[in-house]
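Heads up: the structure comes next, in structure tokens.
Letters A, B, ... are given to chains in the order of the sequence lines, protein chains preceding strands, and every chain is numbered from 1.
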Protein chains: 2
Amino acid sequence: MQKLQPKIKDVAHVAGVSTATVSRALTQPERLSESTREKVFDAIRATGYRVNKAARNLRTRRAGAVLVLVPNLGNPFFSTILSSINEVLAANGYSVLVFDSQQPSAPGQVVSDYLLNGSVDGLITLDGNISIALGETLKNAQMLGNVVFCCEWSDSLPLPSIRSDNALGARLAVDHLFALGHRRIAHVTGPEDNILAQVRRSAFEIRCAELGLIIAPEWIIPGDFSLTSGARAAEQLVAMPERPTAVFCASDEIALSLISRCKQNGLSIPQDLSVVGFDDLEIAGFVQPSLTTIRQDRTGLGRLAAEELITRLNSAQSKETSRIILAPVELIKRDTTATASKEQARNILA
Amino acid sequence: MQKLQPKIKDVAHVAGVSTATVSRALTQPERLSESTREKVFDAIRATGYRVNKAARNLRTRRAGAVLVLVPNLGNPFFSTILSSINEVLAANGYSVLVFDSQQPSAPGQVVSDYLLNGSVDGLITLDGNISIALGETLKNAQMLGNVVFCCEWSDSLPLPSIRSDNALGARLAVDHLFALGHRRIAHVTGPEDNILAQVRRSAFEIRCAELGLIIAPEWIIPGDFSLTSGARAAEQLVAMPERPTAVFCASDEIALSLISRCKQNGLSIPQDLSVVGFDDLEIAGFVQPSLTTIRQDRTGLGRLAAEELITRLNSAQSKETSRIILAPVELIKRDTTATASKEQARNILA
DNA sequence: GAAGCTCTTGTAATCGATTACATCACGATT
DNA sequence: AATCGTGATGTAATCGATTACAAGAGCTTC
């Protein structure tokens, strides 16, 4: 049975130095003579000493931790990003706290608590629904400079945002389908109130217009990124009298479940319908047919967001710029898209 | 521009009481008279006060936080559990720190740091690879009572473990396939060193033996839970001269990619091969054909683990019992399993 | 050899809460 | 009327680190 956790005083005693010296050995070892430094480290080893985080945090007014706000932790898209955020932050000495904003407790309250009570130094949010009220609170506490958006953003908050080039992604998808001869392209959207889904949708519409494609209103099928919404969209698709020959889905989950449901309804993919997803989840390459999709660099997104936050935490000046960092997207051609048949290609709306 | 964060002294001043009273209002409001209590809360509201977590933690020697150690955060199986852990802990006033044990930094070191430096009060680990050394360290620091396994466990550490009934899962899978007439059943395993994978495998073998089924050595195909390993297993399967008619996979990811690769090789699922997975990932119900699998109650696992840890943190006595809580598993019959054809059923090994 | 530097180390204040102990007021008990 | 108990509040010690400031040692410089 061992004693309680040794404290800095115990180490100082064993090493025969003052607590200040021990503290210096910990935080700025180069300031000590080599002999004392070694004495101290020996004592640390001998006692099994670990700095008490709470005491250090109190004194230094830093938490050494970052909060990551995730909408739906269960979604593999987010958790990969989280993993990469974790990696960068850990390498820089920060702990990572997570909070799932889907939870019953009011996330705004929770987030401002974390930031204002000093539990964390900063926030990376993968959730774009940051309320104006929260923004105000953070601004008043001069905490707004320690917040970074990842994937998402909010037009009403002047915050940096690391995100994929969503518009480009949508264009790549349309161009790819167009090049294959498709002229009747549908789109299953993300949630209506989601800014990123809005960008994908409008870029889709604009690109179609540029290419002279007409989009029937019913071809814009509302979804919400989820598997369920993909299946629902498939039902709508197969029921259409003038069925599109291709569909661009706002997420891979939509695409995967849409494909599955279409097959159940007797459609062949990609012969009867070409499908493009968005995200490039790992599973996308492991289904049959494998999914053509727009890859988002999830690891890069997480890394960049973490790096941006660290930079901001280190720079004393609070700069509330709405800097935007675009992560590249890429068309991954797989097997759910195919050349339009003659009949499909000719079948342009009047 | 606002001043610095108000402290308890400021609140006390505004309310015209002592700091002790403010503190009591926060932690044991029933001990104050109604009038002062209201005065204090008014002052708190007026000043926008938030308790400083570091100061409170230092004084109370509690962190109000729990570390969750996750092997591979990017895996949807784990992240759902994490979400449910988060929910329960948040409801009980605990913050959740995560660490991905796949990371370069030595996870053992990191974990013991977190626990010994007071960053967290306890640990829930979804990773079974807790080293003996770490166990010793924690025991010496009398921290071993604050650790709970979730899904995984370690025979060498006397810790509570919340896990699925893996053996039952394997039996359910075998029984289901047997009832459909299958007599030649393969198994794609999890990682060889993974205790949970070992249980599934040995329960599979035992049940087969009980039913009088012979398992050719090559039908035990090594995998590691991953999509990649499922595809590899499929290659091995299709190349077998005496191909099994059914396969029980240690994870859904294995099953999904195995199915996909088998289809690429011209097999029809389930006509040529019945497949059972393990986990019941959300996607399992949204692929075509939808996956028959053993459901693990991921939400329940997370919840139970969190509740168990909270109980332990609240009880002063350190009880290092290796209590086991089994979460139920369930066979979810979907479309990747079918009655064995006459030829399949008759084809028993000599 | 006095002044001034640099380098190393120690003393003690400090971060912002919680809480043991003391005090006081007020009503009940004898 | 003296004593006691109870409830409400205040005073000050405390949690365990960091760090401003001071001080001493050893060197250089004029």
Report task. For B/Asn194 and B/Glu152, test the side chains for any donor-to-acceptor distance below 3.5 angstrom and give the result as yes or no. Result -> yes

Query - Between B/Ser83 and B/Thr80, a side-chain donor and acceptor under 3.5 Å - result: no

Query raised in the report: How many Å lie between CG on A/Asn57 and C1' on C/dT14, as a whole number?
Result: 15 Å

Query raised in the report: If you measure only the distance, is there a donor-acceptor pair under 3.5 Å linking the side chains of B/Thr47 and B/Asp10?
Result: no

Query raised in the report: Reckon B/Arg62 touches a base, only the sugar-phosphate, or nothing at all at heavy-atom distances under 4.0 Å?
Result: nothing

Query raised in the report: Any side-chain N or O of B/Tyr49 under 4.0 Å from OP1/OP2 of C/dA17?
Result: yes

Query - Where protein sits on nucleotides 19-25 of chain D, one letter per nucleotide: B base, S sugar-phosphate only, - none, heavy atoms under 4.0 Å - result: BB-----

Query raised in the report: Is any side-chain N of the basic residue among B/Arg45 and B/Asp42 closer than 4.0 Å to the acidic one's carboxylate O?
Result: yes

Requested in this report: Check whether any side-chain N or O of A/Arg50 sits under 4.0 Å from OP1 or OP2 of D/dA17, and answer yes or no.
Outcome: no

Query raised in the report: A/Val22 near the nucleic acid: base, sugar-phosphate alone, or nothing, with a heavy-atom cut-off under 4.0 Å?
Result: nothing

Query - Sequence-distant partners of B/Arg303, salt bridge (charged side-chain N to carboxylate O under 4.0 Å, His left out), two or more places apart - result: B/Glu307

Query raised in the report: If we fit an axis to the first five pairs and another to the last five of the helix from C/dG1-D/dC30 to C/dT30-D/dA1, what angle do they make, to the nearest 10°?
Result: 50°

Query raised in the report: Listed by chain and number, what are the salt bridge (charged side-chain N to carboxylate O under 4.0 Å, His left out) partners of B/Arg323, not counting sequence neighbours?
Result: B/Glu308

Report task. Among residues two or more places apart or on two chains, list those pairs meeting salt bridge (charged side-chain N to carboxylate O under 4.0 Å, His left out) that have a residue in residues 56-74 of chain B. Result -> none

Report task. Only counting residues at least two apart or in another chain, list the ones meeting salt bridge (charged side-chain N to carboxylate O under 4.0 Å, His left out) with B/Arg50. Result -> A/Asp113

Requested in this report: Quickly work out the A/Asn52 CG to D/dC15 P distance and round it to whole Å.
Outcome: 11 Å

